[in-house]
Student: 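Have a look at this one.
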Amino acid sequence: MRLSNYFLPVLKETPADATIASHRFMLRAGMVKQDSAGIYIWLPLGFKVLQKIEQIVREEQNKAGAVEMLMPTIQSANHWKETGRYDAYGPEMLRITDRGDRELLYGPTNEDMITDMFRSYVRSYKDLPQMLYHSQWKFRDERRPRFGVMRGREFLMKDAYSFDIDPAAARVSYYKQFVAYLNTYARMGLQAVPMKADTGPIGGDLSHEFLILAETGESEVFCHKDLVDMPPPGYLDTDEAREAVFKERTSLYAATDEMHDADEFAKVPADKQLSARGIEVGHIFYFGDKYSAPMNAQVQGPDGKNHNIMMGSYGVGVSRLVGGIIEACHDENGIIWPKSVAPFGAGIINLRKGDEAVDAACEDIYAKLSAANIDPLYDDKDDRGGQKFARMDLIGLPYQIVVGPRGLKEGKVEVKTRASGEKQDMTIEAAINFITGEFAE
RNA sequence: CGGGGCGUAGCGCAGCCUGGUAGCGCACCUGUUUUGGGAACAGGGGGUCGCAAGUUCGAAUCUUGCCGCCCCGACCA
């Protein structure tokens with residue numbers, strides 16, 4: 001992409017509304033614009049990152065055996081009345097009336113809808129297990145939206161739903177998602193720690209929140225330090241292997257302040273105790289027949305009797321992750337994107353537009369990086385160098401190639417690695433090889 | 001939902017206390033000189049001062065009501 005042909009409204013000054021780093025940088029880097037409280041327009045740069053995150057989530061869900069679908073944003077109140085949640089949900093649910101005075105709502109989640117859909121087709125235990133997911137915009141009328149997209153009212157969420165014949169089978173589904181979540185966050189350059197979450201009236205040990213550690217996190221967290229160093233499990237093809245990972249990760253202490261047990265935490269060796277702040281980026285839980293029972297979602301088992309379907313749901317806050325990743329990856333100059341979610345792989349800075357040799361070198365690099373699928377952003381604007389450097393640092397592309405007349409006389413360009421700040425002079429060919437090599441890893 | 005604050009040009013702000021019809025920086029447009037880390041000079045465009053009512057000869061400024069947004073807390077992916 002040529003910057004002269006892109007829509008990237010960067011701001012030099014920080015908008016007064018933004019207090020935390022991710023919100024500041026997302027506004028300054030021209031990623032989002034607030035339309036009203038907790039509702040954002042996703043500008044091209046922000047939208048690109050959002051889609052990359054969504055795609056990683058999609059790929060890992062598919063690997064876990066989940067099947068993608070799409071449910072509507074607007075739901076009929078009828079499903080919610082059947083489960084009793086229409087009254088239980090409270091003012092966080094945005095209620096709408098259509099021209100025929102029918103009660104609708106903008107969905108805050110989809111358990112009721114998918115349970116209704118599922119029961120209408122499935123009759124036999126032979127049709128189970130099933131795991132379905134979608135990635136869809138949701139709305140919760142938060143009392144106090146804040147922190148930009150991290151706590152918006154409208155947000156993009158991936159939610160998956162599992163359907164099993166009994167609690168033991170549901171546990172197998174849960175492990176699949178548990179492992180998939182560890183791999184999903186690792187691919188985004190994040191270390192997400194699963195922490196025990198409140199299971200409410202369901203009980204049991206099957207509810208976990210996934211948190212990334214960041215100073216600006218909303219929750220206080222306590223965990224064993226070793227959890228923060230564990231590598232992702234990667235793809236596992238047996239239930240036993242997945243269960244082993246689940247046991248490994250949940251055997252060490254990890255809890256948010258609501259579930260914190262100071263006595264248990266005290267049993268963790270002192271040098272392994274970590275108390276920090278975290279951002280919740282996912283939540284998975286098993287809820288059994290909470291919806292299937294009131295909705296009569298049943299299948300006939302091998303015993304000839306009807307059984308309530310045992311369900312679980314698994315959420316990833318996709319739009320929240322955009323902010324969450326920035327909280328974990330930035331410096332005073334701007335964002336530092338992990339390669340996997342960066343909106344462009346590298347930036348090319350033309351320091352002297354109009355100079356024949358510089359223009360030609362930039363075009364050459366642009367063509368070669370494009371051919372290598374690096375998806376470069378070429379700053380071909382007629383701005384001064386300093387402005388280009390500052391802008392490129394702000395939007396945080398992993399690598400920058402700086403092309404100017406001075407270096408070009410020696411046949412060199414400068415390659416800057418955004419994360420380390422390291423700069424090296426090299427030939428154009430070496431620069432291309434270096435960057436394509438970094439992305440091949 | 002409790003407590004606090006803000007609304008003046010695209011962005012960041014001053015002016016309000018003590019009423020006299022709006023200003024600064026950045027951004028933007030034109031020109032000249034510049035050009036390797038957010039250039040300098042000169043000229044220029046852009047605002048029903050959130051909305052409404054009231055007080056007054058006169059309201060950005062005082063009064064009342066409404067709307068919007070933010071921050072702290074409680075709550076949530």
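In what follows, every chain begins at residue 1, and chains take the letters A, B, ... in the order their sequences are listed. As the structure is a computational prediction, the values presented were derived from the model and not from experiment.
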Student: Walk me through whether L128(A) and F118(A) qualify under side chain to side chain contact (heavy atoms under 4.5 Å, CB included).
Tutor: CA-CA 11 Å; L128(A) 302 182; F118(A) 200 79; 3.7 Å; yes
Student: Between R85(A) and Y291(A), do the side chains contain a donor N or O and an acceptor N or O under 3.5 Å apart?
Tutor: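 A pair is found: one side chain offers a donor N or O, the other an acceptor, under 3.5 Å apart.
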Student: Using atom types as modelled and distance alone, determine if a side-chain donor or acceptor of R418(A) lies under 3.5 Å from a backbone N or O of D393(A).
Tutor: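 Yes: the side chain of R418(A) pairs with the backbone of D393(A).
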Student: Send over the distance from F389(A) CZ to G37(B) P, rounded to a whole Å.
Tutor: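 Rounded to whole Å, this separation is 7 Å.
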Student: Can a donor-acceptor pair be found between the side chains of E429(A) and T427(A) at a distance below 3.5 Å?
Tutor: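 No, because no side-chain N or O of E429(A) sits under 3.5 Å from a partner of the opposite role on T427(A).
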Student: Is there, by distance only and without an angle test, a donor paired with an acceptor across the side chain of K423(A) and the base of G37(B) below 3.5 Å?
Tutor: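 A donor-acceptor contact between them is present.
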Student: Give the ring-plane orientation class for F246(A) versus F178(A), where under 30° counts as parallel, over 60° as perpendicular and anything between as tilted.
Tutor: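 The arrangement is perpendicular - the two ring planes meet at more than 60°.
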Student: Using a 4.0 Å heavy-atom cut-off, does S36(A) contact any base of the nucleic acid, only the sugar-phosphate backbone, or nothing at all?
Tutor: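 Sugar-phosphate contact only.
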Student: Respond yes when some side-chain nitrogen or oxygen of R352(A) is under 4.0 Å from OP1 or OP2 of U35(B), and no when none is.
Tutor: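 No, no such contact exists.
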Student: Which is true for V402(A) with a 4.0 Å heavy-atom rule: it touches a base, it touches only sugar-phosphate, or it touches nothing?
Tutor: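 Base: the residue V402(A), judged by heavy atoms under 4.0 Å, touches a nucleobase.
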Student: Measuring from D379(A):CG to L351(A):CG, what's the distance to the nearest 0.5 Å?
Tutor: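 It is 9.0 Å, given to the nearest 0.5 Å.
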Student: Give a yes or no on this: more than 12 heavy atoms of other residues, nucleotides or ligands lie within 6.0 Å of atom CD of E68(A).
Tutor: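 Count over threshold, so yes.
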Student: Contact class for R153(A) vs. all strands (heavy atom < 4.0 Å): base, sugar-phosphate, or nothing?
Tutor: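 Nothing, no nucleic acid heavy atom in range.
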Student: Rounded to whole angstrom units, what separation is found between the CD1 atom of I349(A) and the C1' atom of U35(B)?
Tutor: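 From I349(A) CD1 to U35(B) C1': 14 Å.
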Student: Determine, for nucleotides 10-16 of chain B in 5'-to-3' order, which nucleotides have protein heavy atoms under 4.0 Å from the base (write B), from only the sugar-phosphate (write S), or from neither (write -).
Tutor: -BSS---
Student: Under 4.0 Å: is that the gap between some side-chain N or O of Q387(A) and OP1 or OP2 of U35(B)?
Tutor: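 No, because none of the side-chain N or O atoms of Q387(A) sits under 4.0 Å from OP1 or OP2 of U35(B).
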Student: Please classify the nucleic acid contact of G404(A) as base, sugar-phosphate, or nothing, using heavy-atom distances under 4.0 Å.
Tutor: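 Here G404(A) touches the bases of the nucleic acid.
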Student: Tell me which nucleotide, if any, is Watson-Crick or G-U wobble paired with U30(B) when both distances must be under 3.5 Å.
Tutor: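 Result: A42(B).
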Student: Which base sits across from C17(B) as a Watson-Crick or G-U pair, both distances under 3.5 Å?
Tutor: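 Answer to the pairing question: none, since C17(B) forms no Watson-Crick or G-U pair.
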Student: Which is more 5' along RNA chain B, the nucleotide nearest Q34(A) or the one nearest D425(A)? Just name the residue.
Tutor: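 The residue closer to the strand's 5' end, by nearest nucleotide, is D425(A).
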Student: Scan every strand shown for a Watson-Crick or G-U wobble partner of G47(B), both distances under 3.5 Å, and answer none if you come up empty.
Tutor: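 The base-pairing partner of G47(B), which may sit in any strand shown, does not exist here.
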Student: Whom does G37(B) pair with, Watson-Crick or G-U wobble, provided both distances fall under 3.5 Å?
Tutor: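 Across all strands, not a single nucleotide pairs with G37(B).
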Student: Taking NZ in K416(A) as the centre, count heavy atoms belonging to other residues, nucleotides or ligands within less than 6.0 Å. Is the count above 12?
Tutor: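 Check passes, neighbour count above 12.
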Student: Using a 4.0 Å heavy-atom cut-off, does P405(A) contact any base of the nucleic acid, only the sugar-phosphate backbone, or nothing at all?
Tutor: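 The answer is base, as P405(A) lies within the cut-off (heavy atoms under 4.0 Å) of a base atom.
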Student: Is C75(B) paired to anything, Watson-Crick or G-U wobble with both distances less than 3.5 Å, and if yes, which nucleotide?
Tutor: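 Across all strands, not a single nucleotide pairs with C75(B).
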Student: For a quick check, tell me whether the side chain of D393(A) and the base of G37(B) share a donor-acceptor pair closer than 3.5 Å.
Tutor: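 Answer yes: a donor N or O sits under 3.5 Å from an acceptor.
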Student: Can you tell me the base-pairing partner of G68(B)? Count Watson-Crick or G-U wobble geometry only, both distances below 3.5 Å, and say none if there is no partner.
Tutor: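 Partner of G68(B): C6(B).
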Student: If you find the nucleotide of RNA chain B closest to D383(A) and the one closest to K12(A), which residue's nucleotide is nearer the 5' end?
Tutor: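 Looking at RNA chain B, the more 5' nearest nucleotide goes with D383(A).
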Student: Would you call K196(A)-D261(A) a salt bridge at under 4.0 Å N-O?
Tutor: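 Judged by the 4.0 Å cut-off on N to carboxylate O distance, K196(A) and D261(A) do not form a salt bridge.
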Student: Are E243(A) and K247(A) ion-paired here, with the side-chain N under 4.0 Å from a carboxylate O?
Tutor: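 A salt bridge is present here (some side-chain N lies under 4.0 Å from a carboxylate O).
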Student: Using purine N1 to pyrimidine N3 plus N6-O4 or O6-N4 for Watson-Crick, or N1-O2 and O6-N3 for G-U wobble, each under 3.5 Å, what pairs with U63(B)?
Tutor: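 Partner of U63(B): A53(B).
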Student: Look at all strands and tell whether G152(A) reaches a base, only sugar-phosphate, or nothing, counting heavy atoms closer than 4.0 Å.
Tutor: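 Base, at least one base atom sits under 4.0 Å.
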Student: Atom pairs, N/O to N/O, protein against nucleotides 73-76 of chain B, distance under 3.5 Å?
Tutor:
{"residue": "A74(B)", "atom": "N6", "partner": "R146(A)", "partner atom": "NH2", "Å": "2.5"}
{"residue": "C75(B)", "atom": "O2'", "partner": "R143(A)", "partner atom": "NH2", "Å": "3.2"}
{"residue": "C75(B)", "atom": "O2", "partner": "R151(A)", "partner atom": "NH2", "Å": "3.0"}
{"residue": "C75(B)", "atom": "N3", "partner": "R151(A)", "partner atom": "NH2", "Å": "2.9"}
{"residue": "C75(B)", "atom": "N4", "partner": "R146(A)", "partner atom": "NH2", "Å": "3.0"}

